[in-house]
Visitor: 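A single structure is presented below for examination.
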Amino acid sequence: MGGDGELGTYACVIPVDDQGQTWCMTVDPADIKDNGLFPYTVAHEMCHYLTLNEKQVDYYSDNITAYPADRYSDWECVAKENSYLQSFYEKFWKGMINDWANDPDNPYFYDRHKSEFVTGYASTECAEDLAESFCAYVFLKLAATPAMQAKFDFFEEYPELKKLKKEILIKVNQNNIYVNSEIEPEDGEIFGDAA
């Protein structure tokens, strides 16, 4: 538990070591509200762990100087060939990565691709899109657009992710946890920054 107070970073996960084997999840109790958005945050952060651990990505080190150009990479890691992140990148980001890379902070990128993202935050980078799409897949009953449905279908291709979705929903139901029917309500409240 920790944090920066209400409306800051809701939760985050970070690798504790330089290989991504050990992780820490921090949850800010000031941001846990009864608005039904916190379950999305937890699923989002869980997805980061599932897709950014040492079995899924390689973290940069002094020993490794180059990675294949066709792999998804960010400032700290590169996706392994058969990872969830690499597959997601190839299916949903490869065709628009140059548009995004020209100016990742440009709000017009999101405007141009709005139908492809479950939230504005998802458009900030591929790994965030994967995590946002996963939590939407778990909690939303319907995808808002065909492009979003394609992302839900992506997760359905992995039996272990389908099983995880089912387990999460069982626990949510057993514990009577309220989940908002909208991942990003009309007032623009986004459910938190993530790692």
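It should be emphasised that the depicted structure is a prediction, and the values quoted were computed from it without experimental measurement.
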Visitor: Got Leu164 and Val138 here, is their nearest side-chain heavy-atom distance under 4.5 Å?
Guide: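 No; the side chains remain at least 4.5 Å from each other.
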Visitor: Hey, does the side chain of Tyr49 reach the backbone of Pro15 with a donor-acceptor pair shorter than 3.5 angstrom?
Guide: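 The answer is no, because no donor-acceptor pair under 3.5 Å joins these two groups.
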Visitor: Membership question, hydrophobic clusters at under 4.5 Å side-chain separation (ILVMFWY): are Tyr178 and Val42 in the same one?
Guide: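 Each belongs to a different hydrophobic cluster.
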Visitor: First locate atom CG of Asp129, then atom CH2 of Trp93, and finally report the distance between them rounded to the nearest 0.5 Å.
Guide: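 Rounded to the nearest 0.5 Å, the CG-CH2 separation comes out at 6.0 Å.
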Visitor: State which residues pass side chain to side chain contact (heavy atoms under 4.5 Å, CB included) with Lys91; sequence neighbours excluded, sorted by chain then number.
Guide: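 So Lys91 forms a side chain to side chain contact (heavy atoms under 4.5 Å, CB included) with Phe154, Glu157.
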Visitor: For Ala43 versus Cys135, what's the shortest heavy-atom pair and its separation?
Guide: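 Smallest heavy-atom distance, with atoms named: CB-CB, 3.7 Å.
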Visitor: What distance separates Met148 CE from Ser115 OG, expressed to the nearest 0.5 Å?
Guide: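 Atom-to-atom, Met148:CE and Ser115:OG are 7.0 Å apart.
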Visitor: Short question: side chain of Glu45, backbone of Val13 - any donor-acceptor pair under 3.5 Å?
Guide: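 A pair under 3.5 Å: yes.
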Visitor: Taking Trp100 for its side chain and Cys126 for its backbone only, find out whether a donor-acceptor pair lies under 3.5 Å.
Guide: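 No.
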Visitor: Quick one: pull up CG in Asp74 and CG in Leu85 and give me the separation to the nearest 0.5 Å.
Guide: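 It comes to 8.0 Å.
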Visitor: Of the non-hydrogen atoms in Ser123 and Gly120, which two are nearest, and what is the gap between them?
Guide: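 Heavy atoms only, the tightest pair is OG-O, 2.7 Å.
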Visitor: Tell me whether Asp70 is salt-bridged to Lys94, with the criterion being a basic N under 4.0 Å from an acidic carboxylate O.
Guide: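 Judged by the 4.0 Å cut-off on N to carboxylate O distance, Asp70 and Lys94 do not form a salt bridge.
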Visitor: Does some side-chain heavy atom of Phe109 sit less than 4.5 Å from a side-chain heavy atom of Asn102?
Guide: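 The answer is no, as the side chains (C-beta and beyond) never meet within the 4.5 Å cut-off.
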Visitor: So, does Ser133 use its side chain to make a donor-acceptor pair with the main chain of Leu130 at under 3.5 Å?
Guide: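 No, because the side chain of Ser133 does not come within donor-acceptor range (under 3.5 Å) of the backbone of Leu130.
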Visitor: Side chains of Phe139 and Ile168, heavy atoms from C-beta outward: is any pair under 4.5 Å?
Guide: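 The answer is yes; the side chains approach within 4.5 Å.
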Visitor: Which pair of heavy atoms, one from Val118 and one from Ala136, lies closest together, and at what distance?
Guide: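 In this case the closest contact between Val118 and Ala136 is CG1-CB, 3.8 Å.
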Visitor: Rounded to the nearest 0.5 Å, what separates atom OH in Tyr108 from atom CG in Asp99?
Guide: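 Taking OH in Tyr108 and CG in Asp99, the distance rounds to 14.0 Å.
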Visitor: Would you kindly say whether Asn82 and Gln86 are connected by a side-chain donor-acceptor distance under 3.5 Å?
Guide: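 The answer is no; no qualifying pair exists.
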Visitor: Does Tyr40 form a side chain to side chain donor-acceptor pair (under 3.5 Å) with Glu182? I'd like the steps, not just the answer.
Guide: CA-CA 10 Å; Tyr40 291 102; Glu182 297 179 65; over 6 Å; no
Visitor: Taking only residues two or more places apart in sequence, or in another chain, which ones meet Lys55 in a side chain to side chain contact (heavy atoms under 4.5 Å, CB included)?
Guide: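 Side chain to side chain contact (heavy atoms under 4.5 Å, CB included) check on Lys55 returns Asn53.
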Visitor: Which atom pair, heavy atoms only, marks the closest approach of Leu37 to Asn180?
Guide: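 For Leu37 versus Asn180, the nearest heavy atoms are CD2-CB, 3.8 Å.
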Visitor: Verify, without hydrogens or angle tests, whether Lys151 (side chain) and Glu116 (backbone) share a donor-acceptor contact under 3.5 angstrom.
Guide: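 The answer is yes, because a donor-acceptor pair under 3.5 Å joins these two groups.
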Visitor: With sequence neighbours excluded, what pairs up with Lys80 under the salt bridge (Lys or Arg N to Asp or Glu O under 4.0 Å) test?
Guide: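 With sequence neighbours excluded, Lys80 shows a salt bridge (Lys or Arg N to Asp or Glu O under 4.0 Å) to Asp58, given in chain and number order.
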Visitor: Scan side-chain atoms only and decide if Glu156 and Tyr137 contain a donor-acceptor pair under the 3.5 Å cut-off.
Guide: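 A donor-acceptor contact under 3.5 Å links the two side chains.
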Visitor: Given 3.5 Å as the limit, does a donor-acceptor pair link the side chain of Ser83 with the main chain of Ala79, or not?
Guide: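 No, because the side chain of Ser83 does not come within donor-acceptor range (under 3.5 Å) of the backbone of Ala79.
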Visitor: So how far is it from Cys24 SG to Asp17 CG, rounded to the nearest 0.5 Å?
Guide: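 Answer rounded to 0.5 Å: 12.0 Å.
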Visitor: Is there a path from Tyr158 to Phe92 through hydrophobic residues (I, L, V, M, F, W, Y) whose side chains come within less than 4.5 Å of each other?
Guide: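 Looking at the clustering, Phe92 is in the same group as Tyr158.
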Visitor: So which atom in Tyr110 and which in Thr119 form the shortest heavy-atom distance, rounded to 0.1 Å?
Guide: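 Heavy-atom minimum between the residues: CE1-O, 3.7 Å.
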Visitor: Side-chain donor-acceptor pair under 3.5 Å between Gln56 and Thr51, yes or no?
Guide: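 No, because no side-chain N or O of Gln56 sits under 3.5 Å from a partner of the opposite role on Thr51.
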Visitor: Just by modelled atom types, is the Ile177 backbone N or O under 3.5 Å from a matching donor or acceptor in the Asn175 side chain?
Guide: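 Not at all, since once roles are kept as given, no pair shorter than 3.5 Å links the two residues.
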Visitor: Answer yes or no: is there a side-chain heavy-atom contact under 4.5 Å between His48 and Glu128?
Guide: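 Yes, close enough: below the 4.5 Å cut-off.
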Visitor: Evaluate the ring planes of Phe134 and Phe155, with Trp represented by its six-membered ring, and classify them as parallel (under 30°), tilted (30 to 60°) or perpendicular (over 60°).
Guide: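 Ring orientation of Phe134 relative to Phe155: perpendicular.
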Visitor: If you define the side chain from C-beta out and look only at heavy atoms, does anything of Leu161 sit under 4.5 Å from Tyr84?
Guide: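 Leu161 reaches Tyr84 side chain to side chain.
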Visitor: Do Gln19 and Tyr59 have side chains that approach each other closer than 4.5 Å (heavy atoms only, starting at C-beta)?
Guide: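 They are not in side-chain contact.
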Visitor: Just how far is it from atom OG of Ser181 to atom CG of Leu140, taken to the nearest 0.5 Å?
Guide: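 Taking OG in Ser181 and CG in Leu140, the distance rounds to 8.0 Å.
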Visitor: Side chains of Trp23 and Val16, heavy atoms from C-beta outward: is any pair under 4.5 Å?
Guide: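 Counting from C-beta outward, Trp23 and Val16 never come under 4.5 Å.
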